[in-house]
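Encoded as structure tokens, the structure appears first; notes follow it.
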Protein chains: 2
Amino acid sequence: MAVTLADVAARAGVSSATVSRVLNGNYPVAGSTRERVQRAVDDLDYVVNGQARALAAATSDLVGVLVNDVADPFFGLIASAVQAEISDGSAPGGGKLAVVCNTGGSPEAELTYLTLLERQRAAGVVITGGAIEGAGHGAAVAARLARLAESGTRIVLCGRPPLDPPATAIPVATVAFDNLGGARRLTEHLLSLGHRRIGYVAGPADRTTTRHRLEGHRAALAAHGLPSGGPDVERLTVHGSYDRSSGYDAALELLRREPSLTAIVAANDTVALGVCAAVRDRGFSIPGDISVAGFDDLPFSVDATPALTTVRIPLQEAGARAGRLVMGRQAPPPCGLATIRTELMVRASTARPRGGTA
Amino acid sequence: MAVTLADVAARAGVSSATVSRVLNGNYPVAGSTRERVQRAVDDLDYVVNGQARALAAATSDLVGVLVNDVADPFFGLIASAVQAEISDGSAPGGGKLAVVCNTGGSPEAELTYLTLLERQRAAGVVITGGAIEGAGHGAAVAARLARLAESGTRIVLCGRPPLDPPATAIPVATVAFDNLGGARRLTEHLLSLGHRRIGYVAGPADRTTTRHRLEGHRAALAAHGLPSGGPDVERLTVHGSYDRSSGYDAALELLRREPSLTAIVAANDTVALGVCAAVRDRGFSIPGDISVAGFDDLPFSVDATPALTTVRIPLQEAGARAGRLVMGRQAPPPCGLATIRTELMVRASTARPRGGTA
DNA sequence: CTGTTAGCGCCTTCAT
DNA sequence: ATGAAGGCGCTAACAG
């Protein structure tokens, strides 16, 4: 059996309460006693039982981090930053462990993990990535979050819009991304280059991220006096998942529907790579024949050829901020909402269309 | 306060022991009683306290996953696979949570996290990535692992060689990568194309992964009757960290030392991207003037331009296997060691050298 | 400053 | 099949 507090106490010739006090350093203990206890701890290689401590003190060393998939750099970068921030033992309340949960974008998995984290009485939960819309899922999540919040779990949303109005009473800090603004600026960039027939490869239809980026794209079209709705615009929009092969397929479909396309905007960088591959496989050059743009500015984007024009989201900083918020180490932003700016990164994958008029 | 077992028991008109038995389903309970309890649980929205359960039953729902950095796709892919495997609630003992720990490759952080996980009485620990050699670190890790193993924590090494001989008594399953063989085949490929002056961008000098890949490279040189040691070979080897900028700098240095280089092998794909960038910035074409190769076959490698010749490691499968092993869901391989094959992926970034003699 | 005393919420023999 | 009771290892009042 593992050595317990009582063992240490016996060896040091003190009560277990004293050992506890030495270990937690939150109560005055005589120097000599402290030393004796410390020695006993070392001699016995004692390691506290976190579960017993958590139970007795009603605290937890765990922080949940919900992601679609840590293998996706978008989420990996956020998760990494959160982890780094919460594990900083030198900070107050620091030294928490990150429980990373891959939801795969499934609403059920999201709820299941929230229950599991409630079970562990997690100190905090960071939910990353766009929210799934519709079918009462938002309400279901809100209900779970309400329970968590009530039991003292700090909740932070990162890369997802705030909870819907009926749930605004729940104390949740939100680090949102300006997806709409970024998407608008990206399409404005293409329009200003002279592109008029722009294909759009959107993400899954039921995600807030997908919707906001698409809205930004269309807002830019509208601002330039172009149709931003109707069958003609729908025809130039294809939905798919947020992965490379989806981008490949979508690009082929777009080129089939509209061979005179001069530019394609992808839902994110990963999709954009698939688009690039398809465009090239069809014999077009980038950006000579067709410009391609992505979103997120993941690390590999600069190494794509041509280097990808995209919209940078400071994922690392956002994750770090979410980490600080969930630790209560940073004051929540006004109204609990901080919107992270996005930045247009113009690189080599976009250029004027052949015979462009800009 | 949160609702407890006792609350449920009271509402169902049974003892808390009965509720516990219903919840755990490991003991006969009358059907009618079961239903009544189940209803009470639902009515009260009861969620078990994992910490109390863990304390009483001496079990844990946590599995630690040590990685250098989850933001690095190499580790992200492994971590993702481990997480997916251990969280499968339908499997025996399933439904564990993954505690992801970024060690940043620091020996101290590695030990600290192992202590933290021991504190949580983790059910298992998966340590990923190459080991740090020297300075007694291996022994220190082994000591910690011995303690963990003794207290029932399952231990799995993934992507790292088995523990050193003195520690072989510790029950540890190892999923190792055939770094040496892969590196050898990669360099053989270059040699067979006709390359003779090959630069090598190695990783940090104190990592097993670095060493094995370098050994494989040199073994190939030796097998072709080329010098595989000595100042001339050292001159063509530059060490750096496993990141892009390190590859960039190293490539410049190699080209400075030996302008007649016809190929550069990088420690991994990320480094290779940096090498490619440097080579191009110096005005050379790939593979026309200089061939470049990486290692790992990370997802972005196929989208690099030219597509990267590299050595594929089935990271996903390896991670999944590690996950199953740490859950005790799969029998350990003979002698506790399974070596994962690596596969040479010849793509467009390598070709015959100009005026090659192959 | 230190020891004593209660639990924290649950599981698990032991009875019944 | 169910209940009663003790204890998992630790912390947090409360005394002294």
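- Proximity of N24(A) to the phosphate of dT11(D): a side-chain N or O atom is located under 4.0 Å from OP1 or OP2.
- Distances were taken from every side-chain heavy atom of A52(B) (C-beta onward) to each of dC10(C), dT2(D), dT11(D); the shortest belongs to dC10(C).
- Atom P of nucleotide dC10(C) and atom CD of Q120(A) are separated by 13 Å, given to the nearest angstrom.
- Atoms CZ (R21(B)) and C1' (dA4(D)) sit 10 Å apart, rounded to a whole Å.
- Going from atom CG of L44(A) over to atom CG of L5(A) covers 11.0 Å, rounded to the nearest 0.5 Å.
- The separation between N49(A) atom CG and dC8(C) atom P is 18 Å, rounded to whole Å.
- When distances are taken from the side chain of L5(B) to each of dA1(D), dG3(C), dC11(C), the shortest belongs to dC11(C).
- At least one side-chain nitrogen or oxygen of S20(A) sits closer than 4.0 Å to the OP1 or OP2 atom of dT11(D).
- The CG atom of D7(B) sits 14 Å away from the C1' atom of dC8(C) (whole-angstrom rounding).
- The nearest pair of heavy atoms linking V47(A) to R121(B) is O-NH2, 3.2 Å.
- Within 4.0 Å of A17(B), counting heavy atoms only, lies at least one base atom of the nucleic acid.
- Whole-Å rounding puts the L23(B) CG to dC10(C) P distance at 9 Å.
- A residue-by-residue look at R53(B) and Y27(B) shows that R53(B) has its nearest nucleotide of DNA chain C further toward the 5' end.
- In this entry the distance linking CZ of R36(B) with C1' of dA1(D) reads 12 Å, nearest Å.
- Comparing V29(B) and R121(B) against DNA chain D, the residue whose closest nucleotide sits nearer the 5' end is V29(B).
- Counted by atom type alone, S80(B) and N102(A) present one or more donor-acceptor pairs between their side chains at under 3.5 Å.
- Within 4.0 Å of T33(A), counting heavy atoms only, lie sugar-phosphate atoms of the nucleic acid but no base atom.
- Tested against T115(A), the residues R144(A), Q120(A), R147(A) include a single side-chain hydrogen bond (donor to acceptor under 3.5 Å, both in side chains) partner, R144(A).
- For T4(B), no side-chain nitrogen or oxygen approaches OP1 or OP2 of dG9(C) to under 4.0 Å.
- Using a 4.0 Å heavy-atom cutoff across all strands shown, L55(B) reaches at least one base atom of the nucleic acid.
- For N26(B) and dT13(C), the CG to P distance is 10 Å, given to the nearest whole Å.
- The pair R160(B)-E110(B) meets the salt-bridge criterion, since a charged nitrogen lies less than 4.0 angstrom from a carboxylate oxygen.
- Closest to the P28(A) side chain, of the nucleotides dA1(D), dC1(C), dT4(C), is dC1(C).
- In this structure, the CD atom of Q51(B) is 13 Å from the P atom of dT11(D), given to the nearest Å.
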